[in-house]
Amino acid sequence: MHGSAVVSWLLVAVCGVTGTYCLLRVWRRSAEHRRAAWLEAVMGLGMAVMALPHTVAPVPPAGFVVLFGASTAVALHGAARSGAHCLHHALESLAMVYMALVMAGAVGSAAPAAHAGHPAGPGHAATPGGIPLLTGALLLYFAAYVLRSGALLAGAPAGRGRGRAAPAPHEWGTAGAPLAHACRLTLALGSFTMLLTL
(Lines give C-alpha, C1' and ligand atoms only; values in the text may rest on other atoms or scores of the structure.)
Protein backbone atom coordinates (compact mmCIF):
# COMPACT_ATOMS: atom_id res chain seq x y z
CA MET A 1 0.00 0.00 0.00
CA HIS A 2 1.18 3.48 -0.80
CA GLY A 3 0.28 6.06 1.79
CA SER A 4 1.95 8.79 3.81
CA ALA A 5 3.28 8.06 7.27
CA VAL A 6 0.72 10.48 8.73
CA VAL A 7 -2.19 8.54 7.18
CA SER A 8 -0.67 5.26 8.35
CA TRP A 9 -0.33 6.42 11.95
CA LEU A 10 -3.84 7.92 11.97
CA LEU A 11 -5.18 4.55 10.79
CA VAL A 12 -3.17 2.78 13.48
CA ALA A 13 -4.60 5.05 16.17
CA VAL A 14 -8.23 5.00 15.02
CA CYS A 15 -8.38 1.27 14.22
CA GLY A 16 -6.43 0.37 17.37
CA VAL A 17 -8.78 2.31 19.66
CA THR A 18 -11.83 0.91 17.88
CA GLY A 19 -10.52 -2.65 18.06
CA THR A 20 -9.70 -2.29 21.76
CA TYR A 21 -13.17 -0.92 22.51
CA CYS A 22 -14.77 -3.80 20.59
CA LEU A 23 -12.64 -6.26 22.55
CA LEU A 24 -13.91 -4.77 25.80
CA ARG A 25 -17.49 -5.05 24.51
CA VAL A 26 -17.13 -8.82 24.15
CA TRP A 27 -17.51 -9.37 27.90
CA ARG A 28 -20.42 -6.92 28.22
CA ARG A 29 -22.62 -8.43 25.52
CA SER A 30 -25.02 -11.34 25.44
CA ALA A 31 -23.80 -14.61 23.94
CA GLU A 32 -25.69 -14.01 20.69
CA HIS A 33 -23.80 -10.74 20.06
CA ARG A 34 -20.32 -11.86 21.11
CA ARG A 35 -19.38 -13.17 17.68
CA ALA A 36 -19.93 -9.75 16.08
CA ALA A 37 -17.93 -8.07 18.86
CA TRP A 38 -15.06 -10.56 18.39
CA LEU A 39 -15.08 -10.04 14.63
CA GLU A 40 -15.02 -6.26 15.02
CA ALA A 41 -12.20 -6.49 17.59
CA VAL A 42 -10.10 -8.72 15.32
CA MET A 43 -10.83 -6.44 12.37
CA GLY A 44 -9.87 -3.25 14.22
CA LEU A 45 -6.69 -4.57 15.82
CA GLY A 46 -5.66 -6.42 12.66
CA MET A 47 -6.16 -3.30 10.57
CA ALA A 48 -4.12 -1.27 13.06
CA VAL A 49 -1.17 -3.67 12.70
CA MET A 50 -1.62 -3.82 8.92
CA ALA A 51 -1.45 -0.01 8.72
CA LEU A 52 1.83 0.20 10.65
CA PRO A 53 4.80 1.28 8.55
CA HIS A 54 6.71 -1.82 7.44
CA THR A 55 9.87 -0.64 9.21
CA VAL A 56 8.02 -0.55 12.54
CA ALA A 57 6.26 -3.93 12.35
CA PRO A 58 7.46 -6.09 9.48
CA VAL A 59 4.56 -8.54 9.60
CA PRO A 60 4.57 -10.75 6.49
CA PRO A 61 1.45 -10.43 4.32
CA ALA A 62 0.85 -14.17 4.77
CA GLY A 63 0.10 -13.49 8.44
CA PHE A 64 -2.71 -11.12 7.48
CA VAL A 65 -4.05 -13.64 4.94
CA VAL A 66 -4.29 -16.27 7.69
CA LEU A 67 -5.80 -13.88 10.27
CA PHE A 68 -8.42 -12.34 8.02
CA GLY A 69 -9.07 -15.63 6.24
CA ALA A 70 -10.01 -17.18 9.58
CA SER A 71 -12.13 -14.12 10.38
CA THR A 72 -13.92 -14.54 7.05
CA ALA A 73 -14.70 -18.19 7.83
CA VAL A 74 -16.12 -17.29 11.26
CA ALA A 75 -18.21 -14.47 9.76
CA LEU A 76 -19.62 -16.73 7.03
CA HIS A 77 -20.51 -19.34 9.63
CA GLY A 78 -22.26 -16.64 11.62
CA ALA A 79 -24.09 -15.40 8.52
CA ALA A 80 -25.53 -18.86 7.98
CA ARG A 81 -27.01 -18.74 11.48
CA SER A 82 -27.85 -15.10 12.16
CA GLY A 83 -28.31 -13.34 8.84
CA ALA A 84 -26.91 -10.52 6.74
CA HIS A 85 -25.04 -8.55 9.40
CA CYS A 86 -22.23 -11.13 9.50
CA LEU A 87 -22.00 -10.94 5.70
CA HIS A 88 -20.64 -7.41 6.08
CA HIS A 89 -17.94 -8.71 8.43
CA ALA A 90 -17.12 -11.45 5.93
CA LEU A 91 -16.78 -8.95 3.08
CA GLU A 92 -14.68 -6.64 5.25
CA SER A 93 -12.35 -9.52 6.14
CA LEU A 94 -12.13 -10.61 2.50
CA ALA A 95 -11.17 -7.05 1.57
CA MET A 96 -8.28 -7.31 4.04
CA VAL A 97 -7.23 -10.68 2.55
CA TYR A 98 -7.28 -9.04 -0.89
CA MET A 99 -5.10 -6.15 0.35
CA ALA A 100 -2.65 -8.58 1.98
CA LEU A 101 -2.35 -10.49 -1.30
CA VAL A 102 -1.66 -7.22 -3.12
CA MET A 103 1.00 -6.38 -0.50
CA ALA A 104 2.59 -9.78 -1.17
CA GLY A 105 2.65 -9.08 -4.90
CA ALA A 106 0.31 -12.02 -5.54
CA VAL A 107 -2.39 -9.77 -7.02
CA GLY A 108 -1.90 -6.72 -9.23
CA SER A 109 1.27 -4.74 -9.70
CA ALA A 110 2.34 -3.77 -6.17
CA ALA A 111 5.89 -4.60 -5.21
CA PRO A 112 6.13 -7.36 -2.56
CA ALA A 113 7.72 -4.97 -0.05
CA ALA A 114 5.02 -2.33 -0.39
CA HIS A 115 3.08 -1.64 2.79
CA ALA A 116 1.00 1.14 4.26
CA GLY A 117 3.30 4.06 4.89
CA HIS A 118 6.25 2.22 3.30
CA PRO A 119 7.13 3.06 -0.30
CA ALA A 120 8.24 0.30 -2.61
CA GLY A 121 11.81 1.52 -2.28
CA PRO A 122 14.49 3.08 -4.48
CA GLY A 123 14.13 2.22 -8.12
CA HIS A 124 10.53 1.05 -7.70
CA ALA A 125 7.66 3.19 -8.91
CA ALA A 126 4.82 3.62 -6.43
CA THR A 127 2.22 2.26 -8.81
CA PRO A 128 -1.19 1.23 -7.46
CA GLY A 129 -1.65 -2.49 -7.00
CA GLY A 130 -4.59 -4.80 -7.16
CA ILE A 131 -7.34 -5.26 -9.68
CA PRO A 132 -8.83 -1.83 -10.48
CA LEU A 133 -12.39 -3.12 -10.99
CA LEU A 134 -12.38 -5.08 -7.73
CA THR A 135 -10.76 -2.23 -5.81
CA GLY A 136 -13.35 0.18 -7.22
CA ALA A 137 -16.24 -2.11 -6.28
CA LEU A 138 -14.95 -2.43 -2.72
CA LEU A 139 -14.48 1.34 -2.47
CA LEU A 140 -18.10 1.87 -3.57
CA TYR A 141 -19.36 -0.70 -1.05
CA PHE A 142 -17.48 0.80 1.89
CA ALA A 143 -18.42 4.35 0.89
CA ALA A 144 -22.10 3.32 0.84
CA TYR A 145 -21.71 1.53 4.17
CA VAL A 146 -20.10 4.60 5.77
CA LEU A 147 -22.91 6.83 4.50
CA ARG A 148 -25.56 4.39 5.76
CA SER A 149 -23.93 4.06 9.19
CA GLY A 150 -23.56 7.84 9.39
CA ALA A 151 -27.26 8.25 8.61
CA LEU A 152 -28.16 5.75 11.34
CA LEU A 153 -26.04 7.68 13.83
CA ALA A 154 -27.47 11.02 12.75
CA GLY A 155 -31.00 9.65 12.98
CA ALA A 156 -30.59 8.10 16.44
CA PRO A 157 -31.53 11.22 18.47
CA ALA A 158 -34.46 11.95 16.16
CA GLY A 159 -35.90 8.52 16.93
CA ARG A 160 -36.38 9.50 20.55
CA GLY A 161 -39.11 11.93 19.60
CA ARG A 162 -41.14 9.15 17.99
CA GLY A 163 -41.61 7.27 21.21
CA ARG A 164 -38.31 5.34 21.30
CA ALA A 165 -36.30 5.82 24.46
CA ALA A 166 -32.62 6.56 24.20
CA PRO A 167 -30.46 3.57 25.16
CA ALA A 168 -29.04 3.60 28.64
CA PRO A 169 -25.24 3.93 28.86
CA HIS A 170 -24.81 0.20 29.64
CA GLU A 171 -26.85 -0.67 26.52
CA TRP A 172 -24.72 1.34 24.10
CA GLY A 173 -22.58 -1.72 23.36
CA THR A 174 -25.53 -3.75 22.09
CA ALA A 175 -26.39 -4.35 18.46
CA GLY A 176 -28.09 -1.34 16.89
CA ALA A 177 -26.93 1.11 19.58
CA PRO A 178 -25.04 4.29 18.62
CA LEU A 179 -21.60 3.09 19.76
CA ALA A 180 -21.94 -0.16 17.83
CA HIS A 181 -22.81 1.83 14.68
CA ALA A 182 -19.89 4.18 15.37
CA CYS A 183 -17.49 1.21 15.58
CA ARG A 184 -18.75 -0.26 12.31
CA LEU A 185 -18.58 3.14 10.62
CA THR A 186 -14.99 3.61 11.81
CA LEU A 187 -13.89 0.19 10.57
CA ALA A 188 -15.60 0.70 7.21
CA LEU A 189 -13.95 4.11 6.88
CA GLY A 190 -10.60 2.53 7.73
CA SER A 191 -11.16 -0.13 5.05
CA PHE A 192 -12.06 2.59 2.53
CA THR A 193 -8.91 4.56 3.39
CA MET A 194 -6.66 1.52 3.14
CA LEU A 195 -8.14 0.64 -0.25
CA LEU A 196 -7.41 4.17 -1.44
CA THR A 197 -3.74 3.72 -0.55
CA LEU A 198 -3.52 0.30 -2.22
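Not measured: the values here are computed from a predicted model. Side chains included, hydrogens not; waters and symmetry mates left out as well; all remaining heavy atoms used.
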- Message: Show the nearest heavy-atom pair for residues G16 and L45, with the distance to one decimal.
- Response: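 Heavy atoms only, the tightest pair is O-CD2, 3.8 Å.
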- Task: Determine the minimum heavy-atom distance between A100 and V65, stating which atoms define it.
- Result: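 Where A100 meets V65 most closely, the heavy atoms are CB-CG2, 3.7 Å.
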Between [Y] and [X], is there a side-chain heavy-atom distance shorter than 4.5 Å?
{"X": "L23", "Y": "W38", "answer": "yes"}
{"X": "M43", "Y": "C15", "answer": "no"}
{"X": "F64", "Y": "V59", "answer": "yes"}
{"X": "S71", "Y": "L67", "answer": "no"}
{"X": "L138", "Y": "F192", "answer": "no"}

Single-linkage hydrophobic cluster, 4.5 Å side-chain cutoff, [X] and [Y] together:
{"X": "I131", "Y": "F142", "answer": "yes"}
{"X": "L195", "Y": "V49", "answer": "yes"}
{"X": "W9", "Y": "V14", "answer": "no"}
{"X": "L91", "Y": "L39", "answer": "no"}
{"X": "M96", "Y": "V102", "answer": "yes"}

- Look only at the side chain of S149 and the backbone of V146, and say whether a donor-acceptor pair between them is shorter than 3.5 Å.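 Checking the backbone N and O of V146 against the side chain of S149, no donor-acceptor pair under 3.5 Å is found.
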Drop me the distance from [X]'s [atom1] to [Y]'s [atom2], to the nearest 0.5 angstrom.
{"X": "H181", "Y": "L152", "atom1": "NE2", "atom2": "CG", "value": "4.5 Å"}
{"X": "L87", "Y": "L76", "atom1": "CG", "atom2": "CG", "value": "7.0 Å"}
{"X": "C22", "Y": "L187", "atom1": "SG", "atom2": "CG", "value": "6.0 Å"}
{"X": "L101", "Y": "F68", "atom1": "CG", "atom2": "CZ", "value": "12.0 Å"}
{"X": "L179", "Y": "L185", "atom1": "CG", "atom2": "CG", "value": "12.0 Å"}
{"X": "L196", "Y": "L139", "atom1": "CG", "atom2": "CG", "value": "5.0 Å"}

- Message: My understanding is that only one of M103, M50, M99 makes a side chain to side chain contact (heavy atoms under 4.5 Å, CB included) with P61; could you say which?
- Response: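 With P61 as partner, M103, M50, M99 yield a single side chain to side chain contact (heavy atoms under 4.5 Å, CB included), made by M103.
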- Passing option when R184 is tested against E40, H89, E92 for side-chain hydrogen bond (donor to acceptor under 3.5 Å, both in side chains):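 By the side-chain hydrogen bond (donor to acceptor under 3.5 Å, both in side chains) criterion, R184 pairs with just one of E40, H89, E92: E40.
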- Message: Going by the rule ring pair (Phe, Tyr, Trp, His ring centres under 6.0 Å), which residues pair with Y141 if we only count those two or more places apart in sequence or in a different chain?
- Response: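 In terms of ring pair (Phe, Tyr, Trp, His ring centres under 6.0 Å), with neighbours along the sequence ignored, Y141 is linked to H88.
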- Message: Set out, in order, the CA-CA distance, both residues' side-chain angles and the distance that settles side-chain contact (heavy atoms from CB on, under 4.5 Å) for M47 and L11, then state yes or no.
- Response: CA-CA 8 Å; M47 287 171 64; L11 280 169; 5.6 Å; no
- Message: Between Y98 and T135, does the side chain to side chain donor-acceptor pair (under 3.5 Å) criterion hold? Intermediate values first, please.
- Response: CA-CA 9 Å; Y98 166 64; T135 303; 2.6 Å; yes
